[in-house]
A.B. asks: 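Below is a structure I'd like to ask you about.
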Amino acid sequence: MDNDMYDAAIDIGIAVKEDPGSSSKEKKKKRRKRKRSASEASEGSTISKGDDGQQLGDAAQPISGASGQKKKKKKKKRHTLDNDTSLEQSSDVQKPVEQKKHLINMPPLTGNLIKERSNLPVYQHRNELCTLVADNDVVLVVAETGSGKSTQIPAYILQSGILKKSAKAAAASALTSGNTTSNHQKFGRSICVTQPRRVAAITLATRVSSELNCTPGTIVGHRVRFDDTTDLRGQSTKIIFATDGMLLREAMVDPLLKRYGVICLDEAHERSLQTDVLFGVVKRAMFARSTAVDEDMIDADFEKDRAITDKMREEALRLGLPTLKVCVMSATLDVETFQRFFPGAATIKIPGRQFHVQEVYTEDPQDDYLDAALKTALQIHKYTHDGDILVFLPGQDEIEDVASLLKKHLEELEHDDSQEKSRDIVQDIKGIGVSFNSGNSMIVNGVFICVLYAALPPDAQMNAFRPRPDGCVRKIILSTNIAETSVTLNGIKYVVDCGKHKTREYSSSTGMESLKLSNISKAQAAQRMGRAGRVSEGVCLRLYPEIAFDELQSTSVPEILRVNLSHVILQLKAMGIHDPRSFSFLTPPDKDSIVKSFELLQALGAVDKSLDLTVKGREMSKLPLDPVYAHLLLQSEKFECVSEILTVVGMLSAENIFFNRAGRGDADSGLATAAGASAHKRFASNEGDLPSLLNVYNAWKAEAIYSPSGKPSKHQRKKLGSGKMLHGDWCKQNFISGRALVRAHDVRSQISELASRPKEKNGLGMRVELSCDDGELIPFYKCISAGLFLRVAIRVPSANQKQAKTGGNSGAIPSRGHYKTRVGGNSVSIHPTSFLFGRIKPPKAVVYTEMLQTSKLYIRGVTQSKKEWFDEEL
DNA sequence: TAGGGTTTT
């Protein structure tokens, strides 16, 4: 996001504020003040910075290329001037001068893999890094992929003794202020490193455990949903790798984050929703635990919640909590945003270790980027001998199209004499031909074509990670942006980047979500390019001209600006943030978006008219569910169908339960598609999708043998003969995603536990065994309708249908399933993946779980309803 | 007649 946009966002934030005492002028003044202290502090910290401390501006170079850099500088000019002025003024501002400590000298590495670890770029900077952490409350670490930041920095901090020192200091100051409780053994002794993805948290914890030569779960552990290895064996874990959602949950119970002395917010540049919220939450904890009250440091945004923050501060003082240090780790240079948010933060830049990747652009814009991608991949294949190719495409459709075209063209290469090189390759491995076809991957004339997207069954996904089969000369992977961050592919030498992606967007004015094809950002382009330089030098072929690259946004739109915030708002309210509109967001969301969220929460009864959290809202906030589903669950007791609703919300939180659910697909997977659709028929409920999901889960429970360990017990094995099947086999036979089902099961168990736990123990005290399953399920339908009363749609007969009724026949197939939503009055259609899609007699009224704009406005998760079931609720 | 990618005490 560029500066203008940022400022615009700030201004929106200001416009929201109602407090007449804090006019926007005053705010601006405060902001200036903050800026001043920021530049002042960063000036100070350069003393302890190494050579590259000054080179922050240059680090964009490998990413954006020469011309991109020029433009960037121009854009930044205004900001730079700002800084210069404030530098001049800085002398008259009194800021508590922190005594400069001497450079920390880190002891030699201990543990395993010492040679590898000392070769990492971050190793050279460990002394100054730890010194910066010791001297500053906030340190921004800008480090590219391959620098070792995520694995090494937490260990350095632990080894440096910074935690011990600040804990002791806090204990001492607590003693001098008459506080006799000494908690320096208890609080602030762990480091938390947050990750946007659970796989990353788990693998990092495992990696660092082995590097430090300790059993996972002792010194180093991970904490992700359903999997917590911290504090095993009674040891207090020192380095905790957690998903940011997990730390956020922890903050709901413990806003001071007492356990931690340092919190590292990793992958900050990704700007995930949870990381962004954590920024504000961590900042609040940091402020409450800071020893010196620097009024300049108090963000104006805290004013409204001052009372609560003051309470937190008292508590921190009473407990003798050490200061909380924050380390923001980011791969891109959007440091200004972070620095504006954390005034006075010190910055350090650590180079990554990547092989050089050559950037190639097209001369002209490509109208048909699919055709361009296809041709480019074929050209690389024709003119080079080795190196795998990764092609970024926006979606599954595009991937499948390109895959089948690629196959066709590679087959034709065999007969094309003009393409000498290709022919040679083809002849060498002719024997393999197209005989191999596993899942959606195939080998065509020695080329292993793999497709990769999230909705793909895990087995089929694995092909992209497997080494090339014998005799294959090359692997071509066609992927969505799943390969951008979520997974790592080895051996990629060529990246083909179409420059597009699909993003989920949320319109606060309509409350509708949509999936849009749009241009990627420069940061994403850099990330894609980086995939080519992991093991050797590579080439990145961008299917757009350089001038188009220059015009791309520098960073992607943060998720917080793109999604429905009702869940986040509920969480913030539960954390005691009175007015989330004045919460300190890294990038404040649109005010309409917050207002819309409040409207929903109010309709659900989670907040009252004065927007205060109700008892029900408090209960809803305890559930790791979307507020609508939390509401659905809470009122299921009334209908005596808690058990069924637990299953449904579990199933709804797992995406892609069904494989090959109806529809298109190319000739190769056509067979599987039909099989999948017919396999799903047995689960189909006449009443719609939610009862069908219930059927799947119940059938699985009745017919499959599942063991979390992967190995069924003796007792379970005995049942194998008597109609029971192993989990994996059952899923395969029924075209159900085993992974998704297990996830649904886990979510169900977790929520069931939470719901059944007594209220005194922070639970909901619900009777979770209440079931209405007598074959009819009427209370269950009533409950769904009442729970989803905001998502009701009424059928509108189409012109064709009207005609059919009056006896006319146009010959056209009558289009069925057109509805109008009761709230908003949108014209919607039933999504093709719904079990109610294409029904001859569609129900007059339905409730739905999701409304999505793609080629049309669709509703999904559709269930039959009746007027009398939802009527009274609105 | 169609699904970018994450994730929650």
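Below, each value reflects all heavy atoms present in this structure, side chains not excepted, and no hydrogens, waters or symmetry copies. Chain naming here is simple, since letters A, B, ... match the order of the sequence lines and numbering starts at 1 in each.
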A.B. asks: Tell me the interatomic distance from A:K500, atom NZ, to B:dG4, atom P, rounded to whole angstroms.
C.D. replies: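 A:K500 atom NZ is separated from B:dG4 atom P by 15 Å.
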A.B. asks: Just how far, in rounded Å, is C1' of B:dG3 from OH of A:Y453?
C.D. replies: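 That distance rounds to 10 Å.
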A.B. asks: I need the CD-C1' distance between A:E270 and B:dT6, as an integer number of Å.
C.D. replies: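 In whole Å, B:dT6 C1' and A:E270 CD are 9 Å from each other.
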A.B. asks: Using a heavy-atom cut-off of 4.0 Å across all strands, would you classify A:V224 as base, sugar-phosphate, or nothing?
C.D. replies: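 Sugar-phosphate: the residue A:V224, judged by heavy atoms under 4.0 Å, touches backbone atoms but no base.
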A.B. asks: Of the options B:dT1, B:dT6, B:dT8, whose atoms approach the side-chain atoms of A:A454 most closely?
C.D. replies: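 Between B:dT1, B:dT6, B:dT8, the one nearest the side chain of A:A454 would be B:dT6.
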A.B. asks: Among B:dG3, B:dG4, B:dG5, which nucleotide has an atom closest to any side-chain atom of A:R860?
C.D. replies: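 Among the listed nucleotides, the one closest to the side chain of A:R860 is B:dG3.
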A.B. asks: Would you check if the side chain of A:T237 reaches a backbone N or O of A:I240 as a donor-acceptor pair within less than 3.5 Å?
C.D. replies: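 Absent.
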A.B. asks: Between B:dG3 atom C1' and A:I482 atom CD1, what is the distance in whole Å?
C.D. replies: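 Distance, rounded to whole Å: 13 Å.
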A.B. asks: Any side-chain N or O of A:T480 under 4.0 Å from OP1/OP2 of B:dG5?
C.D. replies: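 For B:dG5, OP1 or OP2 has a side-chain N or O of A:T480 closer than 4.0 Å.
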A.B. asks: Can you see if the side chain of A:T243 gets near the phosphate of B:dT8 - specifically, an N or O under 4.0 Å from OP1 or OP2?
C.D. replies: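 True: A:T243 side-chain N/O within range (under 4.0 Å) of B:dT8 OP1/OP2.
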A.B. asks: Need to verify one output field. Residue with the more 5' nearest nucleotide on DNA chain B, A:Q396 or A:K622?
C.D. replies: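 Final value for this comparison: A:Q396.
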A.B. asks: Keeping the roles fixed (side chain from A:D689, backbone from A:T863), state whether a donor-acceptor pair exists under 3.5 Å.
C.D. replies: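 No, because the side chain of A:D689 does not come within donor-acceptor range (under 3.5 Å) of the backbone of A:T863.
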A.B. asks: Counting only side-chain heavy atoms from C-beta out, which of B:dG3, B:dG4, B:dT9 sits nearest to A:R504?
C.D. replies: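 Closest nucleotide among those given: B:dG4.
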A.B. asks: So what does A:S855 touch, heavy atoms closer than 4.0 Å: a base, only the sugar-phosphate, or nothing?
C.D. replies: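 Sugar-phosphate contact only.
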A.B. asks: Does the plane of the ring in A:H680 sit parallel, tilted or perpendicular to the ring in A:F683? Use 30° and 60° as the thresholds.
C.D. replies: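 If you compare the ring of A:H680 with that of A:F683, the planes turn out tilted.
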A.B. asks: When all nucleic acid strands are considered with a 4.0 Å heavy-atom cut-off, which category describes A:M246: base, sugar-phosphate, or nothing?
C.D. replies: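 The residue A:M246 makes sugar-phosphate contact but no base contact.
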A.B. asks: Within the structure, does a side-chain N or O atom of A:R197 lie under 4.0 Å from either OP1 or OP2 of B:dG5?
C.D. replies: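 So the side chain of A:R197 is outside the cut-off, no N or O lying under 4.0 Å from OP1 or OP2 of B:dG5.
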A.B. asks: Quick one: A:L248 CG to B:dT6 C1', roughly how many Å, whole number?
C.D. replies: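 It is 14 Å, rounded to the nearest whole Å.
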A.B. asks: Could you check which of B:dT1, B:dT6, B:dT9 has an atom nearest any side-chain atom of A:P832?
C.D. replies: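 Minimum distance to the A:P832 side chain belongs to B:dT1.
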A.B. asks: With a 4.0 Å cut-off on N to O distance, would you call A:R197 and A:E267 a salt bridge?
C.D. replies: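 The answer is no: the pair does not qualify as a salt bridge.
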A.B. asks: Rounded to the nearest 0.5 Å, what separation is found between the NE2 atom of A:H831 and the CD atom of A:E850?
C.D. replies: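 Between A:H831 NE2 and A:E850 CD, I get 8.5 Å after rounding to 0.5 Å.
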A.B. asks: Nearest to the side chain of A:R743 - B:dT6, B:dT9, B:dT8?
C.D. replies: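 Nearest to the side chain of A:R743 among the choices is B:dT8.
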A.B. asks: With nearest nucleotide decided by heavy atoms, which residue, A:V199 or A:E398, maps closer to the 5′ end of DNA chain B?
C.D. replies: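 Between the two, 5'-proximity favours A:E398.
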A.B. asks: Any side-chain N or O of A:Q750 under 4.0 Å from OP1/OP2 of B:dT8?
C.D. replies: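 No, A:Q750 has no side-chain N/O under 4.0 Å of OP1/OP2 on B:dT8.
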A.B. asks: In whole Å, what is the span from the CD atom of A:E267 to the C1' atom of B:dT6?
C.D. replies: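 In whole Å, B:dT6 C1' lies 12 Å from A:E267 CD.
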A.B. asks: Of all the choices, B:dG3, B:dT9, B:dT1, which nucleotide is nearest to the side chain of A:L515 once you look at every atom?
C.D. replies: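 Closest of the options to the side chain of A:L515: B:dG3.
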A.B. asks: Quick one: A:K761 NZ to B:dT9 P, roughly how many Å, whole number?
C.D. replies: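 Result: 20 Å.
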A.B. asks: Which nucleotide wins on minimum distance to the side chain of A:R562, given the candidates B:dT8, B:dT7, B:dG4?
C.D. replies: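 Out of B:dT8, B:dT7, B:dG4, the nucleotide with an atom closest to A:R562's side chain is B:dG4.
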A.B. asks: Can you tell whether the side chains of A:D397 and A:K502 come within less than 4.0 Å, N to carboxylate O?
C.D. replies: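 Salt bridge flag = no for A:K502 with A:D397.
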A.B. asks: Considering only side-chain heavy atoms of A:R198, which listed nucleotide, B:dG4, B:dT8, B:dT9, is closest?
C.D. replies: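 The nucleotide sitting nearest to the side chain is B:dT8.
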A.B. asks: Answer with yes or no whether A:E505 presents, from its side chain, a donor or acceptor under 3.5 Å of a partner atom in the base of B:dG4.
C.D. replies: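 It does not, because no donor-acceptor pair links the side chain of A:E505 to the base of B:dG4 below 3.5 Å.
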A.B. asks: Take atom CD of A:E559 and atom P of B:dT8, then tell me their distance rounded to the nearest Å.
C.D. replies: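 Between P of B:dT8 and CD of A:E559: 13 Å.
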